[in-house]
Amino acid sequence: MTAPVRVRFSPAPTGMLHVGSVRTALFNWLFARHHHGELVLRIEDTDTSRSRPEWITGIQDTLRWLGLDWDGNVVLQSQRFAEYRAAAEQLVEERAVYECFCTPEEIAARNDAAKAEGRGPGYDGHCRDLTAEDRATRAAERRPRTLRFRTPDDGASSFVDLIRGEVRVEWSTISDFVIVRSDGTPLFFLANAIDDLEMGITHVIRGDDLLDSTHRVLALRAALSPEAPPAYAHLPLILGPDRAKLSKRHGAVALEELREAGYLPEAIRNYLALLGWSPEDGREVLRIQELIELFDLDAVTHANAAFDHAKLDWMNGEWIRRLTRTELEAATMPLAERRYGPRLDLGLLRGALEIGQERSTTLGALLDQADFLFAADDDFVIAPESWAKVTRTERVAEIFDAVIAHLRTCDWTPDAIDPRSLLTDLGFEKPGKVLPSVYAAVEGRHAGLPLFESIHLLGRDRAVHRLEAARARLEA
RNA sequence: GCCCCCAUCGUCUAGCGGCCCAGGACGCUGCCCUUUCAAGGCGGUAACGGGGAUUCGAAUUCCCCUGGGGGCACCA
């Protein structure tokens with residue numbers, strides 16, 4: 001390859017990162033790492049009313065957690081406004097951009113009128129050819145002034161997208177667009193074009209929802225500099241289960257929610273990499289290094305993809321099982337600390353991870369099953385549906401009595417704890433069938449971590465105590 | 001309304017003219033394993049949206065239709 005690759009991930013800090021934006025970040029990251037290039041993190045906070053500092057730090061936290069590192073300092077567009085203004089004024093002088101004094105209300109009214117006539121929305125060029133005198137008058141009226149880019153009157157805009165191939169649109173369908181607001185702040189188009197130019201971005205990899213805006217950015221870029229623009233690659237969108245575009249208020253899966261629910265970065269990266277891309281050999285469970293080696297823009301698909309939570313679950317389970325015990329512990333610790341606070345017991349947690357690793361799909365689900373270990377006897381509760389199952393169990397009082405007696409004296413190993421032979425002696429042909437009542441008494445749920453190991457972990461006193469409590473409750 | 005993008009199992013995808021009466025994965029489902037529930041193992045179910053054209057031959061090329069998605073902001 002020729003010039004070193006330099007890409008950027010440029011989110012707007014208007015909310016938490018969701019799977020769509022993270023997939024974009026991931027593809028940029030994989031592309032940069034694959035080509036030994038650089039990835040810049042640029043925060044597009046030009047909309048000062050919607051941007052919030054906590055989202056900026058939140059975005060960085062999430063990216064770091066996912067292992068998607070970036071090169072150099074984070075660039076904040078809000079700190080470069082002066083530069084954008086200067087460039088815009090220069091464009092005004094060159095007549096590529098003009099002053100527009102239309103108010104939002106006037107534009108909205110004319111759009112409504114256009115709609116009534118069966119035409120679509122879009123700026124009508126009202127202020128396109130204002131004379132110096134017109135402008136002076138309007139300025140004197142203290143009308144708001146925006147700066148609008150003048151799009152070509154005829155011909156077509158065309159560029160070759162790395163994924164889509166040639167994309168062509170008639171200029172007549174693209175209206176003049178605002179690049180500087182009436183309060184003097186820049187818009188996306190301006191800041192984007194200038195920064196891509198100055199940062200030396202070679203490839204722009206982003207969502208397909210920005211495909212149409214590319215023509216405008218490219219025209220603006222051409223007015224700004226004769227330098228060749230970056231190559232563009234528009235990724236198919238990730239859709240919600242309902243097949244609509246993911247948005248903050250609609251079905252978007254926030255990364256922080258996944259993190260809190262116990263999904264692993266390894267699994268999220270792996271799953272997201274497979275949404276719109278697949279390696280030649282068809283393997284699906286891939287380490288990050290393999291992802292970097294195999295990733296290629298050529299293999300990116302063209303069609304939008306629905307986010308499938310069930311497959312993510314499967315993938316997460318795959319990764320939980322691949323973790324070493326130490327890694328699993330490190331991944332679970334933050335969740336467990338938040339969940340159990342001072343009641344967290346490292347020894348018990350390790351025990352739970354040992355018996356739970358092979359059978360869990362999320363860390364959250366694993367901890368759900370481990371809750372019984374950390375509950376004080378006073379606030380240990382048996383789920384209502386599980387208790388119902390207990391009361392429906394035949395001769396359950398007898399079972400409890402026998403198990404209690406057994407636990408008081410047996411050797412304290414999982415094998416010795418196993419009460420089945422004793423239940424067989426009591427006349428139960430399939431002792432396994434009545435065991436769920438014991439699960440409920442000890443674990444608070446009739447289905448959970450393997451019983452004998454669980455009792456062993458819980459300890460003799462606590463186990464006996466819980467069974468006695470359940471036995472007493474039967475009488476009530 | 002106009003513009004753009006897209007179109008293989010329910011979902012993610014392989015397929016880039018004959019190897020495909022279409023392969024893999026998730027899901028669903030049957031069986032096995034089994035102390036519950038899972039996890040795991042082995043099977044099964046299930047798709048080329050429709051119509052033309054090109055060709056000896058089309059999931060693969062072209063056109064139309066239909067369908068889905070996106071865009072048309074002083075959001076990005």
Side-chain angles (χ1 to χ4, degrees), chain A residues 10-12 14 44-47 49-51 100 102-104 107-108 111 114-115 117-123 144-148 161 163-164 167-170 172-175 177-183 185 187-189 191-192 206-215 234 236-237 239 241 243-245 271 274-278 280-285 301-315 317 320-321 356-361 365 369 386 389 414 418-420 423 430-440 443 445-453:
Chain A
S10 44
T14 55
E44 307 218 323
D45 54 350
T46 52
D47 185 345
S49 66
R50 294 201 311 153
S51 300
C100 173
C102 296
T103 64
I107 292 170
N111 271 339
K115 199 173 177 183
E117 290 169 33
R119 290 181 290 122
Y123 187 66
R145 185 198 77 147
T146 61
L147 263 29
R148 256 180 215 280
D161 186 275
I163 294 170
R164 315 270 156 196
V167 183
R168 170 181 292 268
V169 178
E170 294 297 321
S172 60
T173 66
I174 301 176
S175 50
F177 55 97
V178 175
I179 61 168
V180 176
R181 295 184 183 84
S182 54
D183 66 1
T185 59
L187 259 81
F188 155 78
F189 295 103
N192 199 275
R206 36 142 58 158
D208 203 33
D209 51 341
L210 292 168
L211 185 63
D212 289 311
S213 77
T214 304
H215 296 94
H234 287 92
L237 264 20
L239 274 23
R243 301 208 71 83
K245 182 189 178 185
Y271 175 69
L274 260 24
L275 234 39
W277 173 81
S278 64
E280 269 182 52
D281 58 16
R283 279 184 303 152
E284 298 208 320
V285 183
T301 60
H302 293 192
N304 294 164
F307 182 80
D308 182 5
H309 218 118
K311 187 152 184 177
L312 205 215
D313 282 349
W314 164 77
M315 183 66 84
I320 285 180
R321 271 162 250 130
Q357 178 169 22
E358 291 300 316
R359 30 181 304 118
S360 301
T361 164
Q369 296 201 322
S386 297
K389 197 150 186 128
D418 182 353
R420 280 176 295 168
L423 292 173
K430 290 182 178 170
K433 300 277 278 184
V434 299
L435 243 23
S437 61
V438 183
Y439 274 87
E443 302 190 31
R445 41 169 65 207
H446 58 272
L449 292 175
L451 186 61
F452 317 143
E453 287 82 352

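Here the structure is a predicted model, which is why all the values come from computation and not from measurement. Every chain is numbered from 1 and lettered A, B, ... according to where its sequence line falls, protein lines coming before strand lines.
- Ranked by how close their nearest RNA chain B nucleotide is to the 5' end, A:Pro121 and A:Phe452 are led by A:Pro121.
- Comparing B:rA22 with B:rG50, their P atoms are spaced 15 Å from each other, to the whole Å.
- Spacing of C1' atoms, B:rC19 relative to B:rC3, comes out at 42 Å, to the nearest Å.
- Base engagement by A:Thr146 is indicated by at least one non-hydrogen atom pair under 4.0 Å involving a base atom.
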**OP:** Report the C-alpha distance between A:Glu443 and A:Gln369 in whole Å, list the side-chain angles of each, state the deciding distance to 0.1 Å, and finish with yes or no for side chain to side chain contact (heavy atoms under 4.5 Å, CB included).
**Re:** CA-CA 8 Å; A:Glu443 302 190 31; A:Gln369 296 201 322; 5.8 Å; no

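- With both ends at atom P, the span from B:rA59 to B:rC9 equals 15 Å, rounded to whole Å.
- For A:Ser175 and B:rC72, a side-chain-to-base donor-acceptor distance below 3.5 Å is absent, hydrogens and geometry of angles not being considered.
- The two residues A:Pro236 and A:Arg164 make their nearest non-hydrogen contact at N-NH2, 3.4 Å.
- Using cut-offs of 30° and 60° on the angle between ring planes, the pair A:Phe177 and A:Phe189 is tilted.
- Residues A:Arg181 and A:Asp183 are not paired through a salt bridge, judged by the lack of any N-O separation under 4.0 Å between the basic side chain and the carboxylate.
- You'll find that the side chain of A:Ala12 is closest to B:rA76, out of B:rG27, B:rU35, B:rA76.
- B:rA25 is paired with B:rU11 under the criterion used here, namely a Watson-Crick or G-U wobble arrangement in which both key atom distances are under 3.5 Å.
- The side chain of A:Leu275 sits closest to B:rC12 out of B:rU35, B:rC3, B:rC12.
- Heavy atoms of A:Phe189 sit under 4.0 angstrom from at least one base atom.
- Comparing B:rG1, B:rC26, B:rA76 by their nearest atom to the side chain of A:Ala310 picks out B:rC26.
- Using a 4.0 Å heavy-atom distance criterion, A:Arg321 is classed as a sugar-phosphate-only contact.
- Closest approach of A:Tyr271 and A:Ala306 over heavy atoms only: OH-O, 4.1 Å.
- Proximity note for A:Asp212 (side chain, C-beta onward) versus B:rG71, B:rC2, B:rA14: the nearest is B:rG71.
- Across A:Ile174 and A:Val169, no two heavy atoms sit closer than the pair CD1-CG1, 4.0 Å.
- Between the base of B:rG24 and the side chain of A:Glu284 there is a donor-acceptor pair shorter than 3.5 Å.
- Atom CD of A:Glu280 is separated from atom P of B:rG24 by 19 Å (rounded to the nearest Å).
- When heavy atoms are screened at a 4.0 angstrom cut-off, A:Gly448 is found touching base atoms of the nucleic acid.
- For B:rU45 and B:rU29, the C1' atoms lie 7 Å apart once the distance is rounded to whole Å.
- Picking from B:rC4, B:rA14, B:rA76 the nucleotide with the shortest atom distance to the side chain of A:Arg50 gives B:rA76.
- Checking B:rC4, B:rC2, B:rC74 against every side-chain atom of A:Val167, the shortest atom distance belongs to B:rC4.
- The distance from atom NZ of A:Lys311 to atom C1' of B:rG10 is 13 Å, rounded to the nearest whole Å.
- The distance from atom CG of A:Leu274 to atom C1' of B:rC26 is 11 Å, rounded to the nearest whole Å.
- The side chain of A:Ala305 lies closest to B:rU13, out of B:rU35, B:rC6, B:rU13.
- Summarising the geometry, the separation between CG on A:Leu451 and C1' on B:rA38 is reported as 15 Å, rounded to the nearest angstrom.
- In terms of phosphate contacts, A:Arg181 brings a side-chain nitrogen or oxygen within less than 4.0 Å of OP1 or OP2 of B:rA76.
- Whole-Å rounding puts the A:Asn304 CG to B:rG70 C1' distance at 8 Å.
- Counting to the nearest Å, the P atom of B:rG41 and the CZ atom of A:Arg359 are 16 Å from each other.
- Remark: B:rU55 base-pairs with no nucleotide; criterion is Watson-Crick or G-U wobble with both hydrogen-bond distances under 3.5 Å.
- Using the Watson-Crick or G-U wobble rule with both distances under 3.5 Å, B:rA46 pairs with nothing in any strand shown.
- With B:rC37, B:rC3, B:rA25 as the candidates, the nucleotide lying closest to the side chain of A:Thr173 is B:rC3.
- Across all strands shown, the partner of B:rG1 is B:rC72, judged by Watson-Crick or G-U wobble contacts whose two distances both fall under 3.5 Å.
- Between A:Thr46 and the phosphate of B:rA76, there is a side-chain N or O to OP1/OP2 separation shorter than 4.0 Å.
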Original post:
Under the side-chain hydrogen bond (donor to acceptor under 3.5 Å, both in side chains) criterion, do A:Thr214 and A:Arg206 qualify, and how do the steps go?
Top reply: CA-CA 11 Å; A:Thr214 304; A:Arg206 36 142 58 158; 2.8 Å; yes

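- Side-chain contact between A:Leu435 and A:Leu423: present, with at least one pair of heavy atoms (C-beta onward) separated by less than 4.5 Å.
- The CG-C1' distance, from A:Asp308 to B:rC9, rounds to 13 Å in whole Å.
- Residue A:Arg243 has no polar side-chain atom (N or O) positioned under 4.0 Å from OP1 or OP2 of B:rG69.
- Between the C1' atoms of B:rU13 and B:rA47, the separation comes to 12 Å (whole Å).
- Put simply, the side chain of A:Asp208 and the base of B:rG70 share no donor and acceptor less than 3.5 Å apart.
- Relative to the side chain of A:Ala303, the nucleotides B:rA76, B:rC6, B:rC74 differ in distance, and B:rC6 lies closest.
- With C1' as the reference atom, B:rG69 and B:rC26 are 23 Å apart, rounded to whole Å.
- A distance of about 39 Å separates the C1' atoms of B:rC16 and B:rC75, rounded to the whole Å.
- Closest to the side chain of A:Pro450, out of B:rU35, B:rC3, B:rG69, is B:rU35.
- Comparing the P positions of B:rG49 and B:rU60 gives a spacing of 8 Å, expressed to the nearest Å.
- Computed from coordinates, the A:Ile174 CD1 to B:rC3 P distance equals 12 Å when rounded to whole Å.
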